[in-house]
Amino acid sequence: MLGNFELQGLPGSAEALRAPLRQLLAKHVGHLPVDVRARSWMGFDRSLSRTLGAAGYLGLTLPREYGGQNLDPFSRFVIVEELLAVGAPVAEHWIADRQSGPLILHFGTEAQRERYLPGIAKGELCFCIGMSEPGAGSDLASVRSRAERTDNGWILNGQKIWTTNAQHADYMIALVRTSGTAADRSEGLSQFIIDLKSPGVTVRPIRDLGGDEHFAEVFFENVFLAEDMLVGNEGAGWAQVTAELALERSGPERIYSSVVLLDAWMAHLEANGRRNEAGTTLLGRLTAQLATLRAVSIAVTAHLAAGERPVVEASILKDLGTGFEQSVPDLIADDLASHPEEDASDALLRTLFYLTMMAPSFSLRGGTREILRGIIARGLGLR
Amino acid sequence: MLGNFELQGLPGSAEALRAPLRQLLAKHVGHLPVDVRARSWMGFDRSLSRTLGAAGYLGLTLPREYGGQNLDPFSRFVIVEELLAVGAPVAEHWIADRQSGPLILHFGTEAQRERYLPGIAKGELCFCIGMSEPGAGSDLASVRSRAERTDNGWILNGQKIWTTNAQHADYMIALVRTSGTAADRSEGLSQFIIDLKSPGVTVRPIRDLGGDEHFAEVFFENVFLAEDMLVGNEGAGWAQVTAELALERSGPERIYSSVVLLDAWMAHLEANGRRNEAGTTLLGRLTAQLATLRAVSIAVTAHLAAGERPVVEASILKDLGTGFEQSVPDLIADDLASHPEEDASDALLRTLFYLTMMAPSFSLRGGTREILRGIIARGLGLR
Amino acid sequence: MDDLVLDHFRKLLEDVCSPNEIRAVENGGSTAVMWTAFQDSGFLDALIPEADGGAGLGLADVAPLFLELGAHAVPLPVAETMIGRALLGKASITSPSGPLALADLTLSRSALVLFADQATHVLADLGDRAALFEMAGFEATVPDSRGWCGARLRIRTDAVPVAELGQPRPGLRAIGAVACAAQIAGATRRVLDMSVAYAGERVQFGKPIGKQQAVQQNLAVMAEHVVMAGMATQIGCADGLDPTLEAAAVAKQVASAAAAAVADIAHAIHGAIGISEEYDLQLLTRRLHALRLAHGSESWWAKALGVARLEQGSTSTVDYIRAIGAV
Amino acid sequence: MDDLVLDHFRKLLEDVCSPNEIRAVENGGSTAVMWTAFQDSGFLDALIPEADGGAGLGLADVAPLFLELGAHAVPLPVAETMIGRALLGKASITSPSGPLALADLTLSRSALVLFADQATHVLADLGDRAALFEMAGFEATVPDSRGWCGARLRIRTDAVPVAELGQPRPGLRAIGAVACAAQIAGATRRVLDMSVAYAGERVQFGKPIGKQQAVQQNLAVMAEHVVMAGMATQIGCADGLDPTLEAAAVAKQVASAAAAAVADIAHAIHGAIGISEEYDLQLLTRRLHALRLAHGSESWWAKALGVARLEQGSTSTVDYIRAIGAV
């Protein structure tokens with residue numbers, strides 16, 4: 001009823017990628033302050049992404065003819081795990097590598113593959129994803145942005161919001177309406193690649209509660225889209241997006257968003273020689289949960305590796321994983337505020353405060369808690 | 001938006017009732033094993049109830065002409081608090097004292113008052129409440145039991161289930177249909193007093209998961225109800241029941257169901273000289289929560305004392321209170337199972353196990369969690 | 001509290017402490033205008049006896065003002081100054097005119113002190129005595145002005161107090177915790193109001209999200225936390241300026257637990273908009289997290305209460321809680 | 001595990017261990033027929049090498065059988081006997097034919113021992129060594145046969161072991177905890193199935209309660225706990241009969257936390273019917289609570305894991321968890 005979650009090890013070929021990448025990261029990331037590393041896949045560092053691309057750590061699951069490494073999802077798991085474990089700032093290539101690349105590979109034309117995939121594999125092309133619109137949020141099907149046919153392409157008008165990293169991105173892959181009205185819901189939607197340097201595109205970054213600018217609003221005013229910017233079939237946008245969401249919900253980034261804080265707190269316990277029962281028990285509890293979540297994440301990865309689309313399994317992982325990630329700052333804050341005799345370092349505090357502020361966003365990315373649990377309930381046969 | 005919850009003391013007149021009752025209880029309840037006392041308002045002891053009646057601790061809010069004490073809800077709060085603090089087995093008079101007596105006083109005829117209230121005030125008449133029916137549960141309006149008019153009264157057919165203490169009770173106050181069909185929901189319902197010794201009444205106790213028999217099924221086969229067994233107006237049953245539920249949801253019994261276990265566990269900590277951080281913190285947390293809940297319960301009592309009907313406030317108290325009561329056995333079990341070096345007494349373990357088994361019932365009595373939260377949401381203006 | 005007085009205070013906060021003014025302060029702007037308004041209002045001396053020129057109110061009387069401070073996310077130690085002035089007044093010490101922070105230095109020479117970045121003076125608990133210091137007596141650093149509204153203060157070895165007073169029992173942390181609990185109670189109530197309003201307006205899948213049963217259930221739980229924080233605060237305020245450790249523990253344990261829960265549910269309901277800087281919710285939820293930690297979080301106070309109860313020994317739970325915050 | 005073998009085991013359980021047979025045992029009836037069936041089935045020697053007449057399976061292979069034991073609320077120490085026989089066999093000690101309980105007596109001369117009321121022998125961890133005892137070596141009392149399925153055993157001062165074996169590392173408690181985790185995983189899965197089925201059938205307010213969003217959300221959370229308990233169990237079983245402390249801790253911490261949560265949600269969904277003796281849910285939820293506490297509850301194992309991790313020191317979390325239960 002619940003799919004299969006089988007404990008399994010990572011293949012040796014995947015594990016072999018770990019040590020050299022770790023060496024590279026020690027050099028390029030190790031020196032960053034912990035509160036910078038806490039941003040991890042929200043942290044933007046173009047030079048790191050290019051370094052990773054040059055070293056062959058991007059486009060992992062893409063075929064070699066497009067500059068990829070032709071490796072399996074397990075290899076990708078190892079790479080992502082190593083990047084997140086140290087909190088590498090990977091935002092520049094994150095979305096392209098995880099979602100846009102696979103999407104173009106599966107649904108794009110041969111010309112599109114040749115045009116975009118090599119740049120993605122090199123870490124040179126930054127993509128963002130245009131889903132949410134004002135007043136729509138998780139209701140992705142209520143899209144109002146609209147592309148009208150012209151002789152040799154399309155003219156796009158509308159607006160996207162909460163687009164991660166649009167202000168840095170070269171391209172957006174956007175879900176827009178090509179026929180019907182918002183009342184038609186998932187019918188009549190299509191996906192386009194949009195060059196964000198096109199005339200008529202305006203990007204306005206959104207400052208977030210932590211003072212960073214991770215999101216943006218994007219406005220389209222008579223933006224011309226050539227025929228070859230359509231991805232997949234006209235009107236098939238919804239099905240394509242659904243496939244993409246399974247990728248979005250299944251990676252190790254769904255369990256590791258607070259791991260930099262957990263490590264920093266553990267270092268604080270050691271530095272202060274703390275062995276008290278509450279702190280020790282909390283450390284053990286979080287470690288046990290994360291060990292189990294990691295095994296669940298690998299089990300979901302195995303479904304991807306087998307060519308399946310583990311929608312329910314990925315939703316279970318994501319709801320569990322984001323719940324865990326969100327609990328960590330609240331629990332560690334309570335521990336630190338119960339030890340006023342200790343001087344927690346400014347870097348630890350900044351890491352804690354940053355994650356406290358941003359934790360609510362963990363369960364937004366890729367669907368709210370209620371939506372995920374609805375998918376799980378459907379998997380249980382209740383809907 | 002949320003009603004008022006104002007911290008207030010209990011009046012001196014109410015507090016004055018505490019010491020003499022405590023003396024009486026020390027004599028009649030103090031010797032009972034802790035796991036018997038853990039049953040508290042599920043525990044049946046006819047002789048204790050009569051002793052309490054004779055000493056003037058029942059029918060507290062009833063007028064003196066019916067054998068009552070003509071006291072205010074604050075006095076009732078003190079009496080109930082003392083009874084529950086020691087886990088006195090009060091089931092015999094509990095429902096009559098809390099719900100049936102006030103109901104008959106408010107909605108009954110003068111003749112009904114004179115007939116039933118004095119016996120209730122003496123602890124001699126045991127009442128039960130017939131609400132749930134098979135397949136209906138918390139959906140109280142879907143009543144199918146039906147009383148048909150005859151020349152000089154009514155003929156009742158149907159069935160009730162999950163009736164607390166029906167096997168011990170003299171009378172049931174039942175909500176039954178007197179017109180329309182189940183599809184009419186809350187229309188066409190009436191309340192009757194049913195003498196459970198009447199021909200055609202069959203009571204079958206239900207054994208519960210703890211091995212006790214607190215509930216029963218009650219079958220009605222052509223049971224004759226004289227005219228004077230109707231309470232209030234024909235067809236007004238639903239409104240009357242709703243008023244009754246506010247009483248059901250507001251008492252200190254909504255916070256103290258696990259207090260005997262909490263005290264027994266505290267005694268265990270002391271006996272074992274335990275001062276560990278986790279145990280101490282848990283003790284403090286539960287104490288802080290209960291201190292606050294008690295103040296909330298008194299605030300709701302003050303609304304009752306002012307003649308109001310605090311439906312939303314009582315629902316907030318009940319959901320909070322039963323959530324607290326249910327958490328206590330789970331938390332104490334974890335503590336004890338983390339100290340295998342200690343020999344917890346059999347009596348403590350039996351108390352723990354009893355409450356672990358019965359805790360799910362705390363949130364059933366008087367409406368499930370979802371229904372209470374729905375009432376609160378309505379209070380917030382959301383429904 | 002007189003409704004007129006409370007309305008007057010609310011009006012003051014709306015005038016000088018709007019969301020945009022809070023943002024300006026958080027971005028390094030001056031609090032001088034804001035502080036002058038509080039000073040001129042007379043509210044800072046509310047807890048001073050009438051004979052000494054104050055309003056002669058008790059802590060329970062001014063608790064509604066503290067709630068308003070929380071509900072408006074006032075970025076200044078107004079409650080703390082009111083308390084500090086009363087404590088100094090009792091010891092016949094003249095209070096400074098500037099904002100006063102409350103610091104517990106009984107366990108370390110350094111502490112994270114709420115609103116200390118906006119204070120001119122610090123009333124510090126040194127364990128054996130309390131003392132008033134100018135800010136110059138400390139090294140002050142601000143670890144993260146957005147993440148936590150205050151400063152880390154480290155007392156200088158050569159710091160000379162402006163004045164000394166006896167040891168407050170059970171310590172300044174207790175009254176500081178009560179002041180935080182009250183601000184939490186006010187902020188959670190405001191966050192509930194915002195969340196209910198948003199759920200009623202925000203349409204998704206064709207209807208307001210507030211019509212979804214799951215959202216309604218979450219808002220009901222939020223409301224329960226608000227009720228608990230409000231009641232615990234009243235218990236904390238019942239004993240006046242010298243709360244018992246037990247009353248302070250109930251107040252801050254319950255309020256701190258509510259602070260995190262309410263902030264988390266509010267953000268879950270608001271979704272992405274709640275994350276944006278320009279939406280006001282974050283002014284309150286960030287404050288809730290800061291207030292939760294200041295003067296001890298829920299586990300600190302739970303443990304303190306558990307220790308106190310085990311020391312007293314063998315009282316029944318009902319008798320023990322009856323004695324806390326009895327009015 | 002071969003599907004045919006698993007089906008065979010399931011059929012055995014359905015034949016000899018129906019809900020009514022469990023009730024009979026709980027009411028004091030004999031387990032002789034039930035035990036004989038297990039004995040005759042050969043499953044009790046599943047973990048014994050083929051060369052010694054067993055099935056030669058590993059712990060991970062038989063884990064699905066343990067899950068079935070939990071799903072059927074078998075009131076006998078079947079998993080424990082399988083483990084005990086394998087440990088005794090390794091030490092070349094002949095196993096007794098009766099049910100074998102696993103007891104941790106490293107911390108006290110007395111312990112609550114799961115299923116000990118149905119055992120003829122006890123394999124006890126004495127700290128410096130493990131030893132096999134006949135039940136006569138203990139004073140046995142049953143605190144509450146409905147509330148907890150087992151007995152309190154106090155070792156007699158004159159108890160003479162039938163045989164002794166070396167000290168199991170990290171102690172019998174670890175493998176006992178893994179056996180409990182597996183039974184929890186099976187029982188929670190069965191409770192989820194029952195709850196989903198009930199929510200689909202039970203009509204209230206005119207529709208199945210499973211159509212209510214709040215009920216769906218609760219069942220989704222229950223499903224997540226089931227997945228966690230199942231995966232944690234696999235981690236616990238990955239190291240065979242000598243689990244590391246870390247793997248046992250992950251298994252039992254996660255499974256025990258799931259046990260209480262699943263039982264609580266299941267009863268909330270079932271409402272009153274779940275409280276009645278004649279409805280089968282309670283056979284499973286009472287067992288879940290017993291399994292949760294046996295061989296250490298979630299906090300015991302969380303603390304043990306935290307201590308172990310701090311002793312090892314300074315490894316990153318990712319590296320630390322990668323090493324646990326690696327397959």
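The model shown is predicted, which means the values in this text are computed figures rather than measured ones. Letters go in sequence order (proteins before strands), and every chain restarts at 1.
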Given that the side chain runs from C-beta out, which part of [X] has a heavy atom under 4.5 Å from chain C: side chain, backbone, both or neither?
{"X": "B:A278", "answer": "neither"}
{"X": "B:A267", "answer": "neither"}
{"X": "B:R18", "answer": "side chain"}

Working to the nearest 0.5 Å, report the span between [atom1] of [X] and [atom2] of [Y].
{"X": "C:T233", "Y": "B:L7", "atom1": "OG1", "atom2": "CG", "result": "10.5 Å"}
{"X": "B:I316", "Y": "C:H225", "atom1": "CD1", "atom2": "NE2", "result": "12.0 Å"}
{"X": "C:M228", "Y": "B:Q289", "atom1": "CE", "atom2": "CD", "result": "5.5 Å"}
{"X": "C:S316", "Y": "B:E82", "atom1": "OG", "atom2": "CD", "result": "8.0 Å"}

Take B:I376 and C:L219, measure what side-chain contact (heavy atoms from CB on, under 4.5 Å) needs, and give me the verdict at the end. CA-CA 9 Å; B:I376 298 165; C:L219 284 167; over 6 Å; no
Shortest non-hydrogen contact between [X] and [Y], atoms and distance:
{"X": "C:A220", "Y": "B:A377", "answer": "CB-N, 4.5 Å"}
{"X": "C:A232", "Y": "B:T292", "answer": "N-CG2, 3.7 Å"}
{"X": "B:A291", "Y": "C:I235", "answer": "O-CD1, 3.8 Å"}
{"X": "B:V259", "Y": "C:V318", "answer": "CG2-CG2, 4.3 Å"}
{"X": "C:G306", "Y": "B:L283", "answer": "O-CD2, 4.0 Å"}

Got a sec, which residues hit side-chain hydrogen bond (donor to acceptor under 3.5 Å, both in side chains) with C:R10, two or more places apart in sequence or on another chain?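 C:R10: side-chain hydrogen bond (donor to acceptor under 3.5 Å, both in side chains) contacts with C:D7, C:E68.
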Taking 4.5 Å as the heavy-atom cut-off, does anything in residues 23-34 of chain B contact chain C, and if so which residues?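 If one takes a 4.5 Å heavy-atom cut-off, no residue of residues 23-34 of chain B lies near chain C.
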Select, from B:R294, B:E277, B:R274, B:R378, the one with the greatest count of heavy-atom pairs under 4.5 Å involving chain C.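 Most heavy-atom pairs under 4.5 Å with chain C: B:R294.
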Any idea which of C:L305, C:V307, C:L310, C:V250 has the most non-hydrogen atom pairs under 4.5 angstrom with chain B?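 Ranked by heavy-atom pairs under 4.5 Å with chain B, first place is C:L310.
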For residues 308-319 of chain C, which residue pairs qualify under salt bridge (charged side-chain N to carboxylate O under 4.0 Å, His left out), counting only residues two or more places apart or in two chains?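 Passing the test, one end in residues 308-319 of chain C: B:R22-C:D319, B:D263-C:R309, C:D319-C:R322.
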Any residue meeting side chain to side chain contact (heavy atoms under 4.5 Å, CB included) with C:A302, in chain and number order, not counting sequence neighbours: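 Result, side chain to side chain contact (heavy atoms under 4.5 Å, CB included) vs C:A302: B:T281, B:R285, C:Q253.
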Is the backbone N or O of [Y] less than 3.5 Å from a side-chain atom of [X], with the two atoms forming a donor-acceptor pair by type?
{"X": "C:K211", "Y": "B:L382", "answer": "yes"}
{"X": "C:Q216", "Y": "B:R373", "answer": "no"}
{"X": "B:E370", "Y": "C:Q217", "answer": "no"}

Quick check on C:V254 against chain B: is it the side chain, the backbone, both or neither that has a heavy atom closer than 4.5 Å?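 Side chain of C:V254 only, per the 4.5 Å heavy-atom cut-off to chain B.
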Taking the side chain as C-beta and beyond, is there a heavy-atom pair between B:D319 and C:E224 under 4.5 Å?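 A side-chain contact under 4.5 Å exists here.
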Taking CZ in C:R169 as the centre, count heavy atoms belonging to other residues, nucleotides or ligands within less than 6.0 Å. Is the count above 12?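 No, CZ of C:R169 has 12 or fewer neighbouring heavy atoms, counting only those of other groups under 6.0 Å.
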How about B:E6: does its CD atom have over 12 heavy atoms from other parts shown lying under 6.0 Å from it?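 No, CD of B:E6 has 12 or fewer neighbouring heavy atoms, counting only those of other groups under 6.0 Å.
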